[in-house]
Amino acid sequence: MRIAVLSDIHANLPALESVRADFGTVDQVWVLGDIVGYGPQPNEVIAELQAMGARSVLGNHDGAAIATVDPAYFNPDARAAIEWTAGTLDENARSYLATLPEVRRDGELTAVHGSPRDPIWEYITSPGIAAANFEHFETRLCLFGHTHLPIAYRLTEDGIEVSPGLPGEAVTIGNARALLNPGSVGQPRDGLPEAAYGMLELDVSVEDATMSFHRVRYDIERTQRLMRDVGLPPRLAERLSYGR
Ligand code: ZN
């Protein structure tokens with residue numbers, strides 16, 4: 001089974017379209033929240049996810065855009081983008097976001113935006129935080145986003161094994177439990193501007209299970225132009241050039 005794992009799309013349709021073209025035909029698409037916020041095409045991105053039959057969870061920006069999550073912790077640029085997004089969402093997009101769960105579970109997979117312990121807000125940024133979170137989900141694997149940084153944490157007999165999600169690299173999961181972050185489709189923050197996504201291969205033999213990390217070029221200037229056209233904060237457009 002091939003599962004495309006997407007997170008933090010942030011209303012960046014050119015990035016999403018390039019990622020979709022890159023992964024091609026898959027069995028499932030999972031989306032780990034922050035579908036909207038920052039970017040210029042929230043309605044179009046949601047329509048695309050609906051067409052893909054994506055299994056999505058709610059992120060902090062998604063909740064803030066429909067006023068079910070308090071944006072108190074947002075910086076001024078993020079808050080300005082959320083206000084613009086809230087005023088731009090159409091009826092379809094609003095009801096899509098309103099029905100998203102904070103935690104999704106199916107088979108071997110749990111999906112959250114932040115962490116299983118605190119699905120909306122916690123950032124898993126260290127092996128220690130990852131270790132504490134293994135007690136908070138029951139499936140073998142947990143997919144998460146929120147940090148915009150690709151990484152895999154495997155729970156082994158010797159503790160937590162960390163693999164940075166380097167472009168083109170496949171991390172063998174084997175039969176271990178793991179917390180997996182594919183990085184961000186629409187606003188990467190690891191210094192690489194290319195859109196990030198993960199491909200999970202859960203095949204016949206458990207030992208062969210892998211998560212591979214991918215980067216895809218997309219038309220960054222198109223997204224930046226659209227952001228300027230609708231009056232989103234310039235800094236949010238500029239950072240896309242640097243992946244920061
Ligand atoms: Zn995000």
Side-chain angles (χ1 to χ4, degrees), residues 5-16 19 29-42 45-46 48-49 54-86 88-89 93 96-97 100-104 111-125 129 142-151 165 179-198 213 215 218 220 223-224 227 232-233 235-244:
V5 187
L6 278 47
S7 191
D8 296 274
I9 300 166
H10 283 295
N12 188 338
L13 185 68
L16 177 60
V19 162
V29 178
W30 288 60
V31 174
L32 312 176
D34 278 7
I35 294 164
V36 304
Y38 295 135
Q41 293 183 286
V45 160
I46 287 170
E48 178 95 12
L49 295 183
R55 299 154 188 241
S56 306
V57 295
L58 187 83
N60 52 316
H61 285 255
D62 305 319
I66 55 167
T68 60
V69 165
D70 182 358
Y73 302 113
F74 281 50
N75 67 46
D77 282 348
R79 195 176 304 200
I82 280 303
E83 281 165 19
W84 177 83
T85 303
T88 302
L89 288 177
Y96 182 83
L97 296 177
L100 292 180
E102 291 185 9
V103 181
R104 193 179 272 272
V112 292
H113 179 60
S115 78
R117 179 164 67 178
D118 180 357
I120 298 296
W121 287 110
E122 187 176 33
Y123 290 91
I124 302 181
T125 49
I129 298 172
C142 179
L143 310 173
F144 72 100
H146 196 34
T147 64
H148 296 213
L149 302 172
I151 198 160
L179 276 156
L180 304 166
N181 187 333
S184 168
V185 171
Q187 194 203 72
R189 292 181 190 164
D190 58 355
L192 304 173
E194 292 83 17
Y197 74 95
F213 294 88
R215 301 308 277 259
Y218 72 96
I220 293 175
T223 300
Q224 291 172 322
M227 290 173 77
L232 283 160
R235 210 183 69 87
L236 295 178
E238 285 155 20
R239 69 188 297 179
L240 297 178
S241 297
Y242 308 105
R244 291 280 179 206

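Order of appearance sets the numbers: ligands from 1, and atoms from 1 within every ligand. Fair warning: this is a prediction, and the values are worked out from it, not measured in the lab.
Between the Zn ion (ligand 1) and the N, O or S atoms of His148, the shortest distance is to NE2. The nearest N/O/S atom of Asp34 to the Zn ion (ligand 1) is OD2. The Zn ion (ligand 1) sits nearest to atom OD1 when only the N, O or S atoms of Asp8 are considered.
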side-chain hydrogen bond (donor to acceptor under 3.5 Å, both in side chains), that's the test. Do Ser56 and Tyr96 meet it? Break it down for me. CA-CA 10 Å; Ser56 306; Tyr96 182 83; 2.9 Å; yes

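With Asp190 contributing its side chain and Gly243 its backbone, the two residues share no donor-acceptor pair below 3.5 Å. With hydrogens and angles disregarded, a donor-acceptor distance shorter than 3.5 Å links the side chain of His113 to the backbone of Leu32.
For the Zn ion (ligand 1), the set of nearby N, O or S atoms under 2.8 Å includes one belonging to His10.
There is no side-chain donor-acceptor pair under 3.5 Å between Tyr73 and Asn60.
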